[in-house]
Protein chains: 2
Amino acid sequence: MLISTRGRYALRVLVDMAEHQSAGYVPLKEIAERQEISEKYLESIVKSLVREGVLIGLRGKGGGYRLSKAPDQFVVRDILRLMEGTLAPVACMEQGSAPCPRAVDCRTRPLWQGLDTVIDEYLGRFTIEDLMNKGDAAYDYVI
Amino acid sequence: MLISTRGRYALRVLVDMAEHQSAGYVPLKEIAERQEISEKYLESIVKSLVREGVLIGLRGKGGGYRLSKAPDQFVVRDILRLMEGTLAPVACMEQGSAPCPRAVDCRTRPLWQGLDTVIDEYLGRFTIEDLMNKGDAAYDYVI
DNA sequence: CAAATTCCTATTGACATGTTGGGATATATG
DNA sequence: CATATATCCCAACATGTCAATAGGAATTTG
């Protein structure tokens with residue numbers, strides 16, 4: 001599985017927030033209820049998003065979370081990479097992994113390189129705002 | 001990680017066999033040595049390939065494995081799906097998984113559907129033969 | 001029979017994933 | 001100040017998958 005629940009939930013949280021951002025800070029409890037995800041689990045996901053500057057948290061009564069930028073400033077690929085660590089479809093495409101000694105005449109390497117690019121480019125074409133506006137975005141791969 | 005070592009190794013085994021198929025049955029030991037993969041581990045991978053009819057095994061002295069069809073008859077996507085079980089990038093795109101009750105107005109679902117298609121189409125464009133002929137195949141995604 | 005080789009079953013260690021629990025700390029309100 | 005509301009922080013756990021290894025049974029050739 002390329003993308004785990006962490007990545008999936010993160011996107012849903014961000015879209016939810018984008019759609020309810022008028023209300024200022026949105027408490028996690030509300031999001032958890034709307035999205036039907038355990039609040040405790042969301043906590044750990046949201047913590048990462050705060051650490052990376054995607055969300056801003058405010059403690060105490062009336063507190064909650066809000067987006068640090070406008071929804072169209074968050075590229076889906078970046079959010080996912082942030083949550084998953086890597087979006088490489090295979091271990092040998094992982095950035096920072098020891099370079100494979102067989103790479104020079106590996107028959108499959110070009111295939112993986114192409115796949116990696118395809119995934120990266122696809123996910124780089126959408127922002128949180130695109131996810132909000134259902135029906136607008138074209139999710140086909142067209143060059 | 002979308003594709004594990006099982007899928008990666010399987011492709012390398014098949015390409016290796018395609019490149020040495022003139023010799024009739026190729027013993028696993030040779031492939032393991034050439035590919036620098038543990039023979040014991042390859043055993044479990046090759047077993048699946050035999051069960052699915054991709055390879056034909058022959059026991060005893062002079063035995064080994066050979067491809068059941070010509071290299072251009074094996075689509076990379078099919079081989080990988082066979083080894084990995086699924087190539088779905090997210091759980092909710094997995095075939096046979098319980099349909100998500102939130103699917104109707106899920107903001108992220110179309111994104112995953114598009115990603116699933118992109119991956120499927122890309123991997124559907126290559127065969128084992130394409131992997132053999134290095135430099136020939138174009139690994140870019142062009143429509 | 002002996003050597004080579006596939007087949008089969010089981011086990012292990014390491015790691016990731018999903019989830020839950022118990023507080024400590026900060027903020028707004030009355 | 002007291003209280004309710006939230007975010008923060010650390011830890012634990014159950015489950016499952018992945019990669020690899022071990023030991024031997026069955027089959028074929030010479």
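For the numbers below, each heavy atom of this structure counts, side chains included, while hydrogens, waters and symmetry mates do not. So you know, we letter chains A, B, ... as the sequences are listed, proteins then strands, and number each from 1.
For B:R102, the salt bridge (charged side-chain N to carboxylate O under 4.0 Å, His left out) partners two or more places apart in sequence, or in a different chain, are A:E36. Here B:L58 pairs with B:Y25 under the side-chain contact (heavy atoms from CB on, under 4.5 Å) rule; sequence neighbours left out. Not counting sequence neighbours, B:E94 has no partner by the side-chain hydrogen bond (donor to acceptor under 3.5 Å, both in side chains) test.
Residues from residues 77-90 of chain B lying near DNA chain C, meaning a heavy-atom separation below 4.0 Å, are absent. Using a 4.0 Å cutoff on non-hydrogen atoms, the parts of residues 37-56 of chain A near DNA chain C are A:S38, A:K40, A:Y41, ordered by number.
For B:T5, the listed nucleotide lying nearest its side chain is D:dA19; candidates were C:dG18, D:dA19, D:dT7.
Checked for salt-bridge contact, A:D16 and B:R107 miss the test: no charged N lies under 4.0 Å from a carboxylate O. Salt-bridge check for B:R34 with B:E30: passed, with a basic side-chain N closer than 4.0 Å to an acidic carboxylate O.
Taking atom CD on B:E30 and atom C1' on C:dT6, their separation rounds to 14 Å, with Å as the unit. To the nearest angstrom, P of D:dT5 lies 16 Å from CG of A:L28. Per the geometry, CD1 belonging to A:I31 stands 12 Å off C1' belonging to D:dA6, to the nearest Å. Taking atom CZ of residue A:R8 and atom C1' of nucleotide C:dA16, one finds them 15 Å apart after rounding to whole Å. Here the P atom of nucleotide D:dA19 and the OH atom of B:Y9 are 8 Å apart, to the nearest Å. When rounded to the nearest whole Å, the span between CE of A:M1 and C1' of D:dC18 equals 14 Å.
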Inset, instruction - Give the B/S/- string for nucleotides 25-30 of chain C, one per nucleotide from 5' to 3', where a protein heavy atom under 4.0 Å of the base yields B, of only the sugar-phosphate yields S, and otherwise -. - result: BBBB--
Inset, instruction - Evaluate ring pair (Phe, Tyr, Trp, His ring centres under 6.0 Å) for B:Y139 paired with B:Y122, printing each intermediate quantity in order. - result: CA-CA 9 Å; B:Y139 292 95; B:Y122 175 80; 7.3 Å; no
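For the pair B:Y9 and B:I45, the minimum side-chain heavy-atom distance is below 4.5 Å. Looking at A:S68 and A:F74, their side chains come closer than 4.5 Å, going by heavy atoms from C-beta outward. Looking at heavy atoms from C-beta onward, A:L11 lies in side-chain contact with B:L111 at the 4.5 angstrom threshold. No side-chain heavy atom of A:M1 sits less than 4.5 Å from a side-chain heavy atom of B:P89. Residues B:L49 and B:L82 have side chains in contact (heavy-atom distance under 4.5 Å, counting atoms from C-beta outward).
Within the 4.0 angstrom heavy-atom criterion, no nucleotide atom of any strand lies near B:Y25.
Side-chain N/O atoms of B:S4 include one lying less than 4.0 angstrom from OP1 or OP2 on D:dA19.
Annotation: of the two residues near DNA chain C, A:R6 and B:P27, the 5′-most nearest-nucleotide partner is B:P27.
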